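Quick caveat, the model's predicted, so the values are computed rather than measured.
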Amino acid sequence: MEILHQSHTFPIRDRRADSLGDFRYIPDEIICTILDCLTPLDLARLACVSSFMYIFCNEEPLWMSVCLKKVSVIFFHFWVGFSSPFLYRRLYRCHTTLDGFSFDDGNVERKNDISAEQFHREYDGIKPVLLNGLADTWPARKSWTIDQLVPKYGDTTFKISSPLKVSMTFKDYVSYMKQQHDEDPLYIFDDKFGESAPGLLKDYTVPQIFQEDFFDVLDKNRPSFRWLVIGPARSGASWHVDPGLTSAWNTLLCGRKRWALYPPGTVPLGVTVHVDDDDGDISVDSPTSLQWWLDFYPLLADENKPIECTQLPGETIFVPSGWWHCVLNLETTIAVTQNFVNSRNFEFVCLDMAPGYCHRGVCRAGLLSLDEDSLEIIEKNMPCEKENFRCLDLTKKETKARILRPQQNENGKENANGSYNVWEHDFSFDINYLAMFRNRELDHFTSPWCPDNSLGQRGLREWLSRLWVGNPGKREMIWKGACLALNADKWLDCLGKICFFHSLPFPSENAKLPVGMGSNPVSLFPFTNGKLGEPIVRDHFKDIPELVNFINSVMLSAENVCISTDSSSFLQQVYVMDEYVVKIFAEGGPQSSIFDLGTELEFYSTLSEVNSPLKNHIPNVLASGILHLENGSYNIDSWDGKKVPDVIRKCSLIPEKGTGDVFPFGVQSKILFTYRKDMSPENGPDDSDESTIVLLPYLITKCCKGEIFTELRNVLPWEDVLNLASFLGEQLRSLHMLPYPSFSNSDLSDFEQNREFSFANDMDMEFVSNESDIPVEWKIFVRTLMEKKKNVSGRLSKRSGSIPKTLIEKAEAYLPDDFLKLLSIYEENGMKKVGKPWSWIHRDIMDDNIYMECKSCSNGIPAPTSNGGVAKSWRPTYILDFSNLAVGDSINDLVPMHLDVFRGNSDLLKQFLKSYKLSLMRKTPKQGSDDDKYGRLSYHAMCFCILHDENVLGGLFKTWKELRAAESWEEVELQVWGELNYYEGFP
């Protein structure tokens with residue numbers, strides 16, 4: 001302290017301008033951000049420029065960041081400070097202790113021996129509470145200390161709280177923890193500790209009051225929900241709302257934690273919430289926990305302060321859904337925390353997974369998140385008088401004015417005491433209130449999916465379906481949640497109309513939810529023999545007045561209740577079947593849906609014409625049509641894919657080709673339509689018309705008996721899995737041998753005459769010259785791949801998953817500079833020919849699209865064994881869901897099958913190829929050379945993975961975790977697809 005006083009007795013010359021040159025105009029914060037982007041070698045060189053740069057380039061927080069990114073080790077370096085307030089504050093946070101912090105007990109209620117009834121009545125979904133006694137009988141209460149955990153788990157690797165996904169052994173982390181003086185110390189935050197250290201799971205049990213958790217039905221497929229948390233003093237979680245609006249409990253076993261909490265909709269001072277107005281992605285900019293307590297907390301007036309508490313060992317804190325919270329470790333702490341979904345927060349979790357952005361922003365930032373578009377949504381959804389929601393008529397500017405900065409009054413003058421009480425505002429965290437901010441015009445099946453949702457679209461539907469079947473007593477609540485997340489009421493309404501039109505029964509209670517695992521809503525429902533009479537139908541629909549009116553109107557015109565002359569036999573078969581599947585096409589919008597159904601119907605027709613053996617392994621088609629809403633009235637037109645229905649003509653959805661073909665919306669038109677979208681992405685989705693007509697194509701098929709492979713993969717004997725691989729080889733062989741419609745140059749030229757075709761990004765005139773002798777379908781194929789290569793690194797960076805950043809940066813260089821080289825072109829009789837097969841492709845062979853039948857079952861009952869057990873052996877019987885049908889390179893079908901069905905098992909891929917017996921590529925003499933990548937089938941498959949429309953790479957790096965450290969795409973390629981290089985095929 002004496003030295004500090006002496007330093008102020010002499011004038012200090014500011015050498016910043018001389019040392020930094022033009023950089024003197026840039027704030028220190030920005031300089032530090034720039035330096036964080038440099039390599040270690042560049043930093044070392046820059047440190048030699050001047051004394052100021054030497055200080056900047058040797059700062060500890062900088063080198064911790066650099067080392068974590070480059071070499072995954074901790075670098076310790078100390079420096080002597082100089083006149084930079086920004087660096088001084090960082091240095092202070094690096095070395096301050098919390099012993100002098102004056103924290104009282106806080107104002108969070110503490111309860112001992114609370115009953116479940118009292119908890120759910122007074123706290124669950126209402127306010128935080130500190131609970132004593134819940135961990136008294138846990139072994140962890142005594143054994144979870146640093147000294148006792150190191151001997152047991154010293155060599156166990158745990159995840160660290162870093163966006164760079166760093167892991168450390170526990171003994172190395174303890175060593176770091178004792179030596180570090182970091183501004184924001186790393187702490188263990190591991191959601192997989194139960195796998196790396198399963199013994200820890202035996203040391204605690206979930207308290208009884210938190211045991212209702214609806215995510216439990218997903219078992220191993222549930223989202224991350226429990227974390228081991230270990231950290232030193234000064235570490236902690238910055239301000240956040242728990243993922244997916246789940247609730248949480250956190251039990252402290254060692255040390256002390258300081259908590260600060262704000263109610264939903266109240267954004268803490270210093271925190272900024274960003275909401276993506278496309279997919280609703282939420283990102284939060286927040287100071288570190290320690291920085292907030294040091295720099296922002298002192299600015300708060302008493303009425304604006306959060307509720308606070310100091311958590312002691314053995315105490316459990318409950319954080320309700322939607323509450324903002326920030327945690328600061330006052331000393332070394334060890335804790336376990338779990339997030340959960342129960343009856344109180346279930347509807348909030350469902351709402352958070354609904355498409356759109358407005359409701360997600362309001363749930364976190366309150367009315368401050370509103371913009372003009374949001375206010376329009378509210379006006380459409382408002383079910384009651386506006387005066388009951390007196391803030392909703394405010395503009396965004398007026399709403400912001402209600403929440404003043406703590407240091408300003410209404411006149412903009414500084415006011416240390418503030419003027420707005422955060423605990424007294426008009427925001428209500430009520431599900432009915434929040435649901436008003438949901439854009440009901442957006443749909444689960446057609447809208448962008450938020451990457452930070454707790455579940456994917458497929459996972460959400462699976463979760464709700466399992467809850468619906470397994471919790472009949474809670475179906476009213478589950479239905480409300482499904483309506484929020486899926487628009488389930490809308491799809492049930494549509495299903496009812498389709499069922500009535502085709503004289504099918506309304507789905508049973510068990511089948512009310514769309515359970516499709518793909519991209520379209522699919523409903524399965526049982527059928528009772530005998531035709532339903534009109535009174536029974538009306539009874540099924542009695543709760544849907546609009547549907548009752550629809551039924552009455554159709555009953556007045558009985559001639560409308562038919563499908564077509566060609567389909568009458570199907571209706572006769574319907575009455576004797578046990579179950580049906582109704583699939584409503586929705587993915588991609590009305591145009592895409594029409595092309596999807598039209599292509600699928602053309603495919604079924606082709607199967608029948610050539611009598612392909614594949615037809616024995618796909619569900620029988622019973623009926624198809626288009627449900628359309630026009631001028632407020634629902635109508636249905638049967639459609640077998642042939643000709644252009646009048647309702648489509650009204651919408652001006654005429655295909656690219658002429659309408660005189662047998663299947664005007666078949667695969668040929670679908671390819672041209674997709675090509676137009678790919679080459680003109682500025683047009684967005686397929687909403688080319690402004691018609692008020694809503695089109696919903698649908699398909700009714702026979703429901704298969706058995707189980708989907710998804711449910712069986714973990715119990716099947718290896719022999720059955722090998723048989724499945726052989727089965728898929730046989731069926732894809734049949735699929736790829738089907739005749740396909742031919743393309744002509746006029747198909748492509750007609751399209752390109754209507755647009756200014758760009759040959760940017762390598763699509764130059766040399767390419768046009770080289771492709772002149774190439775069939776039209778391959779021209780489209782190559783040009784589409786070239787378009788997808790544009791900004792491939794940017795697209796991969798936006799996808800969730802574990803794609804290594806180093807590989808993303810190398811993706812463009814790995815892909816072909818000329819995609820014509822992928823075609824294995826050769827000359828024959830002076831003509832250029834493509835050495836790859838062009839065929840029908842399924843594009844979605846995944847584990848939920850394969851049905852299996854029990855071989856050892858009699859009438860569905862497993863045969864008993866001699867020891868009293870049950871023997872089950874399964875054989876594959878059906879391939880499902882041909883919604884994504886197309887024509888193209890047959891290798892495309894191997895991508896989802898190998899990554900999803902086979903989970904990358906090379907033995908299964910080899911077994912598949914033995915049954916497939918078709919050539920995948922003609923090898924030219926040049927391609928036979930060892931250094932020619934275009935001669936490797938593995939290279940072709942890897943390119944298709946990188947350019948795939950779906951995030952298949954995310955799944956790839958989850959299956960091959962060791963490949964996250966790969967230094968090149970070639971390394972990934974050969975590990976995943978190397979088996980293909982040994983396949984010669986049977987040309």
Could you tell me which non-hydrogen atom of [X] sits nearest to which non-hydrogen atom of [Y], and how far apart they are?
| X | Y | value |
| --- | --- | --- |
| Leu228 | Phe158 | CD2-CE2, 3.8 Å |
| Trp977 | Cys945 | NE1-SG, 3.6 Å |
| Pro313 | Arg141 | O-NH2, 3.4 Å |
| Pro264 | Cys363 | CB-O, 4.2 Å |
| Gly133 | Asp136 | CA-OD2, 3.2 Å |
| Ile808 | Ile803 | CG1-CG2, 3.5 Å |

Under 3.5 Å, side chain of [X] to main-chain N/O of [Y], donor-acceptor pair present?
| X | Y | result |
| --- | --- | --- |
| Glu315 | Leu312 | yes |
| Thr333 | Asn329 | no |
| Asn723 | Glu719 | yes |
| Gln311 | Trp259 | no |
| Glu331 | Cys254 | no |
| Arg344 | His120 | yes |
| Ser321 | Leu245 | yes |
| His898 | Val976 | yes |
| Asn471 | Leu467 | yes |
| Trp324 | Pro306 | no |

query = Should Phe429 and Phe348 be marked as a side-chain contact (heavy atoms from CB on, under 4.5 Å) after you check the CA-CA gap, both sets of side-chain angles, and the distance that decides it?
reply = CA-CA 9 Å; Phe429 199 68; Phe348 294 94; 3.6 Å; yes
Legend entry - Over-ring placement of Arg222 relative to Phe225, 6.0 Å and 45° cut-offs: yes
Do other residues, nucleotides or ligands put more than 12 heavy atoms under 6.0 Å from Glu967 CD? no
Checklist entry - Hey, is NZ on Lys159 packed in by over 12 heavy atoms from elsewhere, all under 6.0 Å? => result yes
Under 4.0 Å between a side-chain nitrogen and a carboxylate oxygen: does that hold for [X] and [Y]?
| X | Y | result |
| --- | --- | --- |
| Arg466 | Glu711 | yes |
| Lys127 | Glu122 | no |
| Arg713 | Glu707 | no |
| Asp191 | Arg226 | no |
| Asp182 | Arg234 | no |
| Arg458 | Asp847 | yes |

dist Leu134:CG -> Thr316:OG1 (nearest 0.5 Å) comes out at 4.5 Å
Distance col, row Ser286:OG vs Trp239:CH2, nearest 0.5 angstrom, shows 8.5 Å
Using only heavy-atom distances, determine whether the side chains of [X] and [Y] contain a donor-acceptor pair under 3.5 Å.
| X | Y | result |
| --- | --- | --- |
| Trp227 | Asp190 | no |
| Glu212 | Ser343 | yes |
| Arg258 | Thr310 | yes |
| Tyr297 | Glu308 | yes |
| Thr169 | Asp172 | yes |
| Gln338 | Tyr204 | yes |
| Thr246 | Asn339 | yes |
| Asp352 | Asn453 | no |
| Tyr123 | Glu109 | yes |

Only residue of Thr156, Thr157, Val174, Ile160 satisfying side-chain contact (heavy atoms from CB on, under 4.5 Å) with Met168 is Ile160
Is there a ring pair (Phe, Tyr, Trp, His ring centres under 6.0 Å) between Phe346 and Phe214 once you walk through the steps? CA-CA 8 Å; Phe346 173 77; Phe214 293 146; 5.7 Å; yes
- Message: Determine whether Val319 and Ser247 satisfy the following criterion, side-chain contact (heavy atoms from CB on, under 4.5 Å), listing intermediate values before the conclusion.
- Response: CA-CA 6 Å; Val319 181; Ser247 300; over 6 Å; no
